[in-house]
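Labels below follow one simple rule: chain letters A, B, ... track the order of the sequence lines, proteins then strands, and each chain is numbered from 1.
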There are 2 protein chains.
Amino acid sequence: MTVSRVLRNRGDVSDATREKVLEAAKELGYVPNKIAGALASQRVNLVGVIVPSLSNLVFPEVLSGISQELEDTGLQPVFGVTNYSPEKEESVLYEMLSWRPSGLIIAGIEHTPAARAMLENAGAPVVEIMDVDGRGVDSVVGISHRRAGLHMAEAILAAGYRRIGFLGTKMPEDHRARKRLEGFEEGLAKAGITLADTEFYSGGSALLKGREMTEAMLKRTPDIDFLYYSNDMIGAGGLLWCLENGYDVPGKLGLAGFNGVDLLDGLPVRLATMDACRREIGRTAAQIIAGRPHQGLIGGEVVELEPVIQYGDTIRRA
Amino acid sequence: MTVSRVLRNRGDVSDATREKVLEAAKELGYVPNKIAGALASQRVNLVGVIVPSLSNLVFPEVLSGISQELEDTGLQPVFGVTNYSPEKEESVLYEMLSWRPSGLIIAGIEHTPAARAMLENAGAPVVEIMDVDGRGVDSVVGISHRRAGLHMAEAILAAGYRRIGFLGTKMPEDHRARKRLEGFEEGLAKAGITLADTEFYSGGSALLKGREMTEAMLKRTPDIDFLYYSNDMIGAGGLLWCLENGYDVPGKLGLAGFNGVDLLDGLPVRLATMDACRREIGRTAAQIIAGRPHQGLIGGEVVELEPVIQYGDTIRRA
DNA sequence: CTGAAAGCGCTAACAA
DNA sequence: TTGTTAGCGCTTTCAG
């Protein structure tokens, strides 16, 4: 049909006919059926994006980076959430692939064998994001959480802290938090130091949990001189508690979180943290997907971003 | 083909054949093509969800309520973000409808005429959420922001505060914040009172902005005795600033926010707020969409939820 | 520049 | 219980 040509601005159509079609379309409130279009053309302008959660500030920023970058590429992101469950990831992935998207962006490089197989046979570019510690299926964009933890350990040791506690989430499936902790312990081990205490939580208001865990740890292990939190939110809660209770921060007690969320800007004292390059990761991943059609399906790029430590006011400086 | 029957657990198929098909499917890594399926069956298991933003904590919770409720209905949510832009809303909506979803959940009841027309002709149940102040297209689930503002004004006046300032976002397209302010002013007007001062912001870290605006307003209008914030995040920033600067809260200065975010649980003092029923709204909207097929396409339900004031520690009690 | 015809990979209805 | 057939509403290709 000529109509099809007009609606997609393709092929040569006379202005007269074009106008007529456009007018009729508007009048009828016509919305083309992409299902049929996609089936016929074997092309779908959708990019599947799979993340574990929307509730912790970090993924919304990644998504917004993706949306922004995809803005005028004609591609549309479609989001799926797994709640850190590998089974849910598998089903969300299956569902997405059944729509034959033009690309897929998925958080993490740990997947069930079935999920991995699907990714390998996706027939579209796949970008695994957030984490570069391991082998990806196709392209990978992220930071090394292992090295992030390691560098933070070095910075803390360099500042002279020695009795160090770790506070984090109790989520076996949060591989990135796990890798940060492993890297952190490795960094401490190089100086012959082991963690003085650890505390884990799950669920609830992160800010509140940060308070509670901090109090519990400082009561239990009073000689601790540094608290390393697995995310900024619990770190902020801990920081507030320490300030209220008269701790000498960063003199006698140092603190650090992870992520670099802008919430920290509003705290009375700036928590030390490490920027996780969230928006940048989203943008880069989107660029890879959007650029692929031109460059062919070569794939396999690995982009490692470098998070930098923001010392803020909670690590004492030399 | 029999294959189709097996994969959808439909019709009568012998166990022998079923097994054979399943095995072959697994071996080939076969993923059915929903595009073709949808085209043939005229049914799509997708529910479009359109929200203005993912970065302010409130919508992620709505989405999570929706996901949760849709979990075992066979329906899949697909998210779109408009950044509070009516044009973006229009295009996202167009894009979504072109996939002929089984239902549509969209934030707000203010839309461009074109968007409204699309919603009316969507050919699927539509639920407009968050706000009930106005006329919706089909079903509506939300709270009255106008009355929320009004009730907060009454509570503040009842507590004896008289010199009241308002601090909020400068977003002409955030109709809900606008309605809350209008209701609030109406409540004050009933007692012959007008706002003593107002301050608006846009962009940046909300917590930090809350601090800055609070400082600015208290410097400019020192005799203010109550600060009403359009959201909890700036309220929390303001609260922290007031505490640090030795203000007598709630004795000489009261504060209140809006939303009831769980972040408030971690603050040294509990900010007064009003629960916006976010998760509940998401769940109810999802139920309407999921239930519609059974009940036919009657539609037009309006569910108004009742937000309640949480006084916390920042409004003095009688 | 415009029309006609084939077919994308499924589902639905029917026949065997 | 299984196979066959005709579309779903588009895009693509090929004729006019």
Side-chain angles (χ1 to χ4, degrees), chain A residues 1-46 48 73-76 78 93-103 118 121-124 293, chain B residues 1-46 48 73-76 78 91 93-104 118 121-124 293:
Chain A
M1 203 60 144
T2 318
V3 176
S4 167
R5 284 191 267 257
V6 175
L7 264 23
R8 290 178 303 133
N9 294 315
R10 252 176 198 293
D12 305 302
V13 187
S14 74
D15 283 357
T17 352
R18 156 166 288 127
E19 294 240 346
K20 239 190 331 198
V21 173
L22 251 27
E23 198 175 327
K26 183 162 289 182
E27 217 158 292
L28 298 168
Y30 173 79
V31 177
N33 186 333
K34 287 230 171 173
I35 303 176
L39 182 59
S41 68
Q42 307 284 41
R43 271 182 289 105
V44 179
N45 70 334
L46 260 27
T73 61
L75 292 172
Q76 265 248 327
V78 173
L93 180 57
Y94 183 82
E95 201 68 23
M96 284 217 167
L97 287 180
S98 73
W99 289 99
R100 305 287 188 268
S102 293
M118 286 193 253
N121 301 315
Chain B
M1 202 60 145
T2 319
V3 176
S4 167
R5 283 192 268 256
V6 174
L7 265 23
R8 289 178 303 132
N9 293 315
R10 252 180 200 293
D12 305 303
V13 187
S14 75
D15 282 358
T17 355
R18 157 167 287 126
E19 295 239 347
K20 241 190 329 199
V21 173
L22 251 26
E23 197 175 328
K26 182 161 289 180
E27 217 159 293
L28 298 168
Y30 173 79
V31 177
N33 185 332
K34 287 231 170 170
I35 303 176
L39 182 60
S41 68
Q42 308 284 38
R43 272 184 289 103
V44 180
N45 70 333
L46 260 26
T73 61
L75 292 171
Q76 265 249 328
V78 173
S91 67
L93 180 57
Y94 183 83
E95 200 68 24
M96 284 217 167
L97 287 180
S98 72
W99 289 98
R100 303 288 187 269
S102 294
L104 202 60
M118 286 193 254
N121 302 315

Between L46(B) and W99(A), does a side-chain contact (heavy atoms from CB on, under 4.5 Å) hold up when you go through it step by step?
CA-CA 11 Å; L46(B) 260 26; W99(A) 289 99; 3.6 Å; yes
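- The side chain of Y30(A) contributes an N or O atom lying less than 4.0 Å from OP1 or OP2 of dC10(D).
- Rounded to an integer number of Å, the gap from W99(A) CH2 to dG9(C) P is 15 Å.
- E95(B) contributes atom CD, which lies 3.5 Å from atom NZ of K34(A) (distance to the nearest 0.5 angstrom).
- Closest approach to the S41(A) side chain among dT12(D), dT11(C), dG9(C) is made by dT12(D) (side chain taken as heavy atoms from C-beta onward).
- Nearest heavy atoms, G48(A) versus M96(A): CA-SD, 3.5 Å.
- Rounded to whole angstrom, the span from the CZ atom of R100(B) across to the C1' atom of dT11(C) amounts to 18 Å.
- In this structure, R43(A) does not reach the dC10(D) phosphate: none of its side-chain N or O atoms is under 4.0 Å from OP1 or OP2.
- Atom NZ in K34(A) sits about 20 Å away from atom C1' in dG9(C), given to the nearest Å.
- L39(B) places its CG atom 4 Å from the C1' atom of dC8(D), with the value rounded to the nearest Å.
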What do the steps show when you test L104(B) against L97(B) for side-chain contact (heavy atoms from CB on, under 4.5 Å), and what is the final call? CA-CA 9 Å; L104(B) 202 60; L97(B) 287 180; 4.0 Å; yes
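- The side chain of Q42(A) contributes no N or O atom lying less than 4.0 Å from OP1 or OP2 of dT12(D).
- Phosphate contact (OP1/OP2 of dT2(C), side-chain N/O of R18(A), threshold under 4.0 Å): absent.
- Separating the CD1 atom of I35(A) from the P atom of dT11(C) is a distance of 13 Å, rounded to the nearest angstrom.
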